[in-house]
Visitor: 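Sharing a structure with you now.
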Protein chains: 2
Amino acid sequence: MKYGLSEACPFFFAALSNPTRLAVVELLREGPRNVTQISKALGQSQSMISHNLQALVRCRFVLPERRWKERVYFLNRETLEPLFKLVDCHVQTYCPKKCSPRKPSRG
Amino acid sequence: MKYGLSEACPFFFAALSNPTRLAVVELLREGPRNVTQISKALGQSQSMISHNLQALVRCRFVLPERRWKERVYFLNRETLEPLFKLVDCHVQTYCPKKCSPRKPSRG
DNA sequence: TATTGGTATGAAAAATGTTTCATATCATAT
DNA sequence: ATATGATATGAAACATTTTTCATACCAATA
């Protein structure tokens, strides 16, 4: 069974490796939003959110839908909920207290 | 149910968002290896592999084990196999032919 | 202790990714 | 056709990550 890790994967994980995009994901969990709403909610520029949304849409982690004259984005829960659950499980099992992102005392 | 996305997650996904590290993961799937073996197999410097392994170990996606005078690294299959299976499913469902990483014809 | 095989580390260089800014686009309504 | 509200885009500025290079470390042995 081959997943072609080195090909598609880095690209997919990269989409989720950025705080801004994760914040967008977190917000979209509450329901669909358009770019303007997201940027206001997160206090970031419309342009920045738009750029970052592209990365999420390209991977289909977020799906766009035209609604009247606006464009709303909604989360691909089918993929993301199990994904985050998995990470959550992993953290609880393998990263006890605080799995420090930087500067662990030693390897 | 809160997973604390914006906190730990970017860090975890970042570990898997790099081709070199994914290649390491792919190799370790075949079995445990030490740094020297990995670097030779991938044709990369020992230092580079070592640096990249740190990122994987910090997240506990790869676990180190002392074996005599060498140090072998083995994959945390419990987390990674389901993770990649999930991505594989996602790609098959949402990214038909070739979910181009760059330059999709349009959003 | 000196040597050897194996490994980690810090810092600079190189490569990538992110944000900003100004502007273009697009759909709808007037 | 023009105006409006909403959104996308390219390119430069800025920031972060990755790789390289030189060197230090560590455990075991002679």
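Naming: A, B, ... by sequence-line order, numbering from 1 per chain. Excluded from the calculations below are hydrogen atoms, water molecules and symmetry mates; all remaining heavy atoms, backbone and side chain alike, are included.
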Visitor: Would you kindly give the CZ-to-P distance between Phe13(A) and dT17(D), to the nearest whole Å?
Guide: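 Computing the Phe13(A):CZ to dT17(D):P distance gives 18 Å.
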Visitor: Over how many whole Å does the gap from Asn52(A) atom CG to dT9(D) atom P extend?
Guide: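 My rounded result for the distance is 14 Å.
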Visitor: Hey, any chance Val24(A) and Val57(A) share a hydrophobic cluster, counting ILVMFWY side chains that come within less than 4.5 Å of each other, even indirectly?
Guide: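 Cluster IDs for Val24(A) and Val57(A) match.
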Visitor: Which class fits the ring pair His90(A) and Phe12(B): parallel under 30°, tilted 30 to 60°, perpendicular over 60°?
Guide: perpendicular
Visitor: Suppose the criterion is ring pair (Phe, Tyr, Trp, His ring centres under 6.0 Å): which pairs have a residue in residues 17-37 of chain B, not counting sequence neighbours?
Guide: none
Visitor: Take the protein atom CD of Glu70(B) and the nucleotide atom P of dG5(C), then report the distance between them rounded to whole Å.
Guide: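 These atoms are roughly 14 Å apart.
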Visitor: If you round to the nearest 0.5 Å, how far is CG of Leu83(A) from CD of Glu81(A)?
Guide: 9.5 Å
Visitor: Please state whether the phosphate of dG6(C), meaning OP1 or OP2, lies under 4.0 angstrom from any side-chain nitrogen or oxygen of Arg66(B).
Guide: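 No, no such contact exists.
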Visitor: Within the sub-3.5 Å range, which N or O atoms of nucleotides 21-23 of chain C have a protein N or O partner, and how far apart are they?
Guide:
from: dC21(C); atom 1: N4; to: Ser47(A); atom 2: OG; distance (Å): 2.5

Visitor: Please classify the nucleic acid contact of Arg67(B) as base, sugar-phosphate, or nothing, using heavy-atom distances under 4.0 Å.
Guide: nothing
Visitor: What is the nucleic acid contact for Ser50(A), judged by heavy atoms within less than 4.0 Å: base, sugar-phosphate only, or nothing?
Guide: base
Visitor: Measure CD1/Ile49(B) against C1'/dG6(C) and give the value in whole Å, please.
Guide: 15 Å
Visitor: Can you classify the ring geometry of Phe13(A) versus Phe13(B) as parallel (below 30°), tilted (30 to 60°) or perpendicular (above 60°)?
Guide: parallel
Visitor: What's the CD-P distance between Glu65(A) and dA6(D), to the nearest Å?
Guide: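 Interatomic distance, CD of Glu65(A) to P of dA6(D): 18 Å.
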Visitor: For Leu53(B) and dT19(D), what is the distance between atoms CG and C1' respectively, to the nearest whole Å?
Guide: 15 Å
Visitor: Below the 4.0 Å mark, does dG6(C) have OP1 or OP2 next to a side-chain nitrogen or oxygen of Tyr73(B)?
Guide: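 No, no such contact exists.
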Visitor: To the nearest Å, how far apart are Gln44(B) CD and dT19(D) P?
Guide: 7 Å
Visitor: Using whole Å, report how far CZ of Arg71(B) lies from C1' of dA8(C).
Guide: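 These atoms are roughly 9 Å apart.
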Visitor: Answer with yes or no whether the hydrophobic clustering places Leu86(A) together with Phe84(A); edges join I, L, V, M, F, W, Y residues whose side-chain heavy atoms lie under 4.5 Å apart.
Guide: yes
Visitor: Indicate yes or no for a side-chain donor-acceptor contact from Ser50(B) to the backbone of Gln46(B) under 3.5 Å, with no hydrogens or angles considered.
Guide: no
